[in-house]
**Q** 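Below is a structure I'd like to ask you about.
Throughout, residue positions are numbered sequentially from 1 according to the sequence presented.
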Amino acid sequence: IALSGDEINLREEWKDALFEIMAAGGGNTAAGLANAERALKLLKNMKKTAADEEYEKAAKLAEANEHAGNNAEEEDDTIEARAEAQFREWRKSVMRLILSWHRDILLLVCGGTKDLLFNKAHADFLANAAKNVTRSKALRNLRIVEDMHRRVEGNLPDGPVLNYGFSRLA
């Protein structure tokens, strides 16, 4: 996943929820699975939001068409496809945010300064988290997140991918 030039297009409440999950840390399999469950719940909420918003847009469009004398209505398949596309973009942003978190920890572990962090608002927490991680663990965590991203983009179900990935994060 390339971070340069990639935007993280998530609502602030979703970012905050994701930062809470990341701040909870892992350390063991049980904690990792709990974080995976929280992340999966967030993704399900995002998927529902995408569907709700697309159906709302379609209803407004249908109403506008009706007033214009046009009876054309969008098919449910089209609406669902747009909702799925929006969800996939949001999910990609989630993976970018998780990756940036672990990239920041690796940067600090390797001696980088806080002004180079992607998540500057969380610099103090990241600095504390970096104290408990070795370079090899930080790099391993980065690779785990990249693997999670490849798997979800390869259409593997989110649940098993998140459970496997978060349970391995140190």
Side-chain angles (χ1 to χ4, degrees), residues 1-50 53 82-170:
I1 303 173
L3 287 179
S4 61
D6 286 340
E7 271 191 54
I8 295 176
N9 296 316
L10 291 175
R11 296 175 182 177
E12 286 304 314
E13 67 263 22
W14 293 340
K15 286 181 186 178
D16 292 343
L18 198 52
F19 282 130
E20 284 179 24
I21 293 167
M22 299 311 300
N28 62 50
T29 303
L33 290 174
N35 287 340
E37 187 61 36
R38 292 173 65 195
L40 189 58
K41 184 177 178 183
L42 177 63
L43 288 177
K44 285 180 181 177
N45 178 17
M46 293 166 75
K47 192 169 198 164
K48 182 184 180 315
T49 300
E53 287 178 0
R82 280 202 322 264
E84 182 65 21
Q86 179 61 66
F87 168 70
R88 286 174 179 261
E89 283 301 312
W90 286 339
R91 184 179 62 192
K92 186 185 276 187
S93 288
V94 165
M95 298 309 294
R96 284 186 193 127
L97 193 60
I98 295 170
L99 183 69
S100 72
W101 180 271
H102 287 284
R103 175 210 163 258
D104 285 348
I105 290 175
L106 178 63
L107 176 76
L108 292 171
V109 167
C110 292
T113 60
K114 290 181 182 180
D115 61 316
L116 298 174
L117 296 176
F118 186 80
N119 300 294
K120 287 179 176 60
H122 301 279
D124 291 335
F125 184 84
L126 286 161
N128 286 333
K131 290 177 186 175
N132 301 319
V133 179
T134 64
R135 287 180 185 180
S136 63
K137 278 187 181 180
L139 185 57
R140 179 178 162 263
N141 287 345
L142 215 53
R143 289 181 177 152
I144 289 168
V145 175
E146 288 173 340
D147 183 53
M148 287 169 43
H149 177 72
R150 274 192 299 277
R151 289 172 187 247
V152 294
E153 288 299 308
N155 291 325
L156 290 175
D158 295 337
V161 170
L162 293 177
N163 284 334
Y164 181 70
F166 274 96
S167 68
R168 294 176 53 218
L169 289 173

**Q** Check side-chain hydrogen bond (donor to acceptor under 3.5 Å, both in side chains) between D147 and all other residues, then give those that pass, not counting sequence neighbours.
**A** R151

**Q** What donor-acceptor contacts under 3.5 angstrom involve side-chain atoms of residues 11-27, with partners at least two apart or in another chain?
**A**
residue: R11; atom: NH1; partner: E53; partner atom: OE2; Å: 3.2
residue: R11; atom: NH2; partner: E53; partner atom: OE1; Å: 3.2
residue: R11; atom: NH2; partner: E53; partner atom: OE2; Å: 2.1

**Q** If you measure from NZ on K92 to CD on E89, what distance do you get to the nearest 0.5 Å?
**A** 5.0 Å

**Q** How long is the span from the CG atom in N141 to the OG1 atom in T134, to the nearest 0.5 Å?
**A** 9.0 Å

**Q** Which pairs pass ring-ring contact (aromatic ring centres under 6.0 Å, His included) with one or both residues in residues 21-44, sequence neighbours excluded?
**A** none

**Q** For S167 versus L33, what's the shortest heavy-atom pair and its separation?
**A** CB-CD2, 4.1 Å

**Q** When you compare the side chain of W90 with that of L10, does any pair of heavy atoms fall below 4.5 Å?
**A** yes

**Q** Are side-chain heavy atoms of I144 and M148 found at a separation under 4.5 Å?
**A** yes

**Q** Please identify each residue that fulfils side-chain hydrogen bond (donor to acceptor under 3.5 Å, both in side chains) with T29, with sequence neighbours left out.
**A** none

**Q** Any heavy-atom pair between the side chains of V145 and L169 that's under 4.5 Å?
**A** yes

**Q** In Å, rounded to the nearest 0.5 Å, how long is the span from NE2 of H102 to CG of L139?
**A** 12.5 Å

**Q** Donor-acceptor pairs under 3.5 Å, side chain of residues 37-50 to any protein atom, not counting sequence neighbours: which ones?
**A**
residue: N45; atom: OD1; partner: T49; partner atom: OG1; Å: 3.4
residue: K48; atom: NZ; partner: D52; partner atom: OD2; Å: 2.7
residue: T49; atom: OG1; partner: N45; partner atom: O; Å: 2.9

**Q** Measuring from F87:CZ to D158:CG, what's the distance to the nearest 0.5 Å?
**A** 5.0 Å

**Q** Restricting to side-chain contact (heavy atoms from CB on, under 4.5 Å), what partner residues turn up for N28, sequence neighbours left out?
**A** A30, A31

**Q** Quick one: side chains of residues 104-125, donor-acceptor pairs under 3.5 Å with protein atoms, not counting sequence neighbours, listed by atom name and distance.
**A**
residue: D104; atom: OD1; partner: F118; partner atom: N; Å: 2.9
residue: D104; atom: OD2; partner: F118; partner atom: N; Å: 3.3
residue: D104; atom: OD2; partner: N119; partner atom: N; Å: 2.9
residue: D104; atom: OD2; partner: N119; partner atom: ND2; Å: 3.0
residue: T113; atom: OG1; partner: D115; partner atom: OD1; Å: 2.1
residue: K114; atom: NZ; partner: D124; partner atom: OD1; Å: 3.0
residue: N119; atom: ND2; partner: S100; partner atom: OG; Å: 3.1
residue: K120; atom: NZ; partner: D115; partner atom: O; Å: 3.0
residue: K120; atom: NZ; partner: L117; partner atom: O; Å: 2.9

**Q** Taking all atoms of both residues into account, what is the closest heavy-atom pair of E146 and L99, and its distance?
**A** CG-CD1, 3.9 Å

**Q** What pairs with R88 under salt bridge (charged side-chain N to carboxylate O under 4.0 Å, His left out), at least two apart in sequence or on another chain?
**A** E84

**Q** Within this structure, what is the NE2-CZ distance for the pair H149 and R91, rounded to the nearest 0.5 Å?
**A** 8.5 Å

**Q** Under 3.5 Å, side chain of S93 to main-chain N/O of N9, donor-acceptor pair present?
**A** yes

